[in-house]
Chemist: 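Right, I'll just put the structure down here and ask away after.
Predicted model only: the values in this text are computed from it and were never measured.
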Amino acid sequence: MANSGVQLLGFGLSLIGIIGLIVGTVLPQWKMSAYVGDSIITAVATYQGLWMSCAFQSTGQLQCKIYDSILQLDSDLQATRALMIVGIIISIAGLGVACIGMKCTTCGADDKVRKSRTAMTGGIILLVGALCAIVACSWFAHNVIRAFYNPFTPVNTKFEFGAAIFIAWGGSLLDVLGGAMLAASCPQSKQVSKYPKSNSARSTSSNKEYV
């Protein structure tokens, strides 16, 4: 059975991973304009995220515009949005379930086997949430790479990876590590069944000696 130190480490990594997922989802730097070709323009940098697009001027001003309509967005962007939101919600739910089953909490402390199963269930839920986020980030990255190497894409409209997608990737990987540590809380009931048998055997042998 996993000790409390491993569970605390898994809980901490999962919590940092969820924060990374939330920050990465909110930030608009999922992809940024790539300066390729002969004419390099450095006056304006364009960023596009899941919720808004921003333009960074050479004067230091940042102007952002939230997407007006969801139905006007690409289906890939809508799917990435949905997967990231689902991944965050599932991860938060898994973290709450794992918190109940951890050894350092007093909820249900009488039944240690049930607490271990609860922590293991929370870890598995965290892994599912992290998987949703990894699929969303990888899908978005694949579309960026495909559009970048497409010869029909104009040079001034090509994008490359931004900082937000790396933050989301890092958060999902931390979520995987934390969920795996919490999922290692497998209950072992064999050790509990051995002790009563040994005690009963000793009692019977002592009774025979007195007789």
Side-chain angles (χ1 to χ4, degrees), residues 11-95 126-180:
F11 183 85
L13 290 176
S14 300
L15 181 60
I16 297 173
I18 292 174
I19 294 174
L21 290 178
I22 295 174
V23 172
T25 304
V26 174
L27 289 178
Q29 289 88 0
W30 275 70
K31 62 180 180 179
M32 57 183 296
S33 54
Y35 302 114
V36 295
D38 298 331
S39 60
I40 300 176
I41 302 174
T42 59
V44 179
T46 305
Y47 302 100
Q48 290 186 5
L50 302 180
W51 311 97
M52 65 184 72
S53 60
C54 298
F56 185 77
Q57 305 290 336
S58 59
T59 57
Q61 296 180 352
L62 182 64
Q63 297 179 352
C64 296
K65 180 182 179 182
I66 300 175
Y67 299 137
D68 296 330
S69 176
I70 299 177
L71 299 178
Q72 293 179 354
L73 299 177
D74 297 334
S75 59
D76 296 333
L77 184 58
Q78 294 180 9
T80 305
R81 269 186 178 185
L83 283 173
M84 290 300 297
I85 294 175
V86 170
I88 292 172
I89 294 175
I90 293 177
S91 298
I92 293 175
L95 194 66
L126 282 168
L127 291 176
V128 174
L131 181 62
C132 293
I134 291 174
V135 171
C137 295
S138 301
W139 192 354
F140 190 89
H142 172 71
N143 292 329
V144 172
I145 295 173
R146 184 179 61 182
F148 184 86
Y149 289 107
N150 189 358
F152 298 101
T153 302
V155 177
N156 57 351
T157 60
K158 288 187 176 182
F159 291 89
E160 58 185 0
F161 298 152
I165 191 171
F166 293 106
I167 295 175
W169 257 328
S172 59
L173 292 178
L174 290 177
D175 207 0
V176 168
L177 292 175

Chemist: Kindly give the heavy-atom pair with the smallest separation between Ala45 and Ser33, and that separation in Å.
Modeler: CA-OG, 3.9 Å

Chemist: Ignoring hydrogens, what is the shortest heavy-atom contact between Trp169 and Ser138? Give both atom names and the distance.
Modeler: NE1-OG, 3.8 Å

Chemist: Only counting residues at least two apart or in another chain, list the ones meeting side-chain contact (heavy atoms from CB on, under 4.5 Å) with Ile85.
Modeler: Trp51, Ile89

Chemist: Report yes if the side chains of Arg81 and Leu73 come closer than 4.5 Å at any heavy-atom pair, otherwise no.
Modeler: yes

Chemist: Could you check if a side-chain atom of Ser53 sits within less than 4.5 angstrom of a side-chain atom of Thr46, using non-hydrogen atoms only?
Modeler: no

Chemist: Can you name the nearest heavy-atom pair linking Ile66 to Met52, along with the distance?
Modeler: CA-CB, 3.8 Å

Chemist: Taking the side chain as everything from C-beta on, heavy atoms only, tell me whether Phe11 gets closer than 4.5 Å to Leu95.
Modeler: yes

Chemist: Can you name the residues that form a salt bridge (Lys or Arg N to Asp or Glu O under 4.0 Å) with Asp74, not counting sequence neighbours?
Modeler: none

Chemist: How long is the span from the CD atom in Gln61 to the CZ atom in Phe56, to the nearest 0.5 Å?
Modeler: 9.5 Å

Chemist: Evaluate the side-chain proximity of Cys137 to Met84: yes if any heavy-atom separation is below 4.5 Å, no if none is.
Modeler: yes

Chemist: Run through Phe161, Phe148, Phe159 and flag the one making a side chain to side chain contact (heavy atoms under 4.5 Å, CB included) with Lys31.
Modeler: Phe159

Chemist: Compare all side-chain heavy atoms of Gln48 with those of Tyr67 and state whether any distance is below 4.5 angstrom.
Modeler: yes

Chemist: Which heavy atom in Gly24 sits nearest to a heavy atom in Trp30, and how many Å separate them?
Modeler: O-NE1, 2.7 Å

Chemist: State the OG-CD1 distance between Ser14 and Ile19, to the nearest 0.5 angstrom.
Modeler: 11.0 Å

Chemist: What side-chain donor-acceptor pairs closer than 3.5 Å can you find for residues 127-136, not counting sequence neighbours?
Modeler:
none

Chemist: Out of curiosity, Leu126 CG to Leu174 CG, how far, rounded to the nearest 0.5 Å?
Modeler: 12.0 Å

Chemist: Restricting to non-hydrogen atoms, name the atom on Leu62 and the atom on Cys54 that form the minimum distance, rounded to 0.1 Å.
Modeler: CD1-CB, 3.9 Å

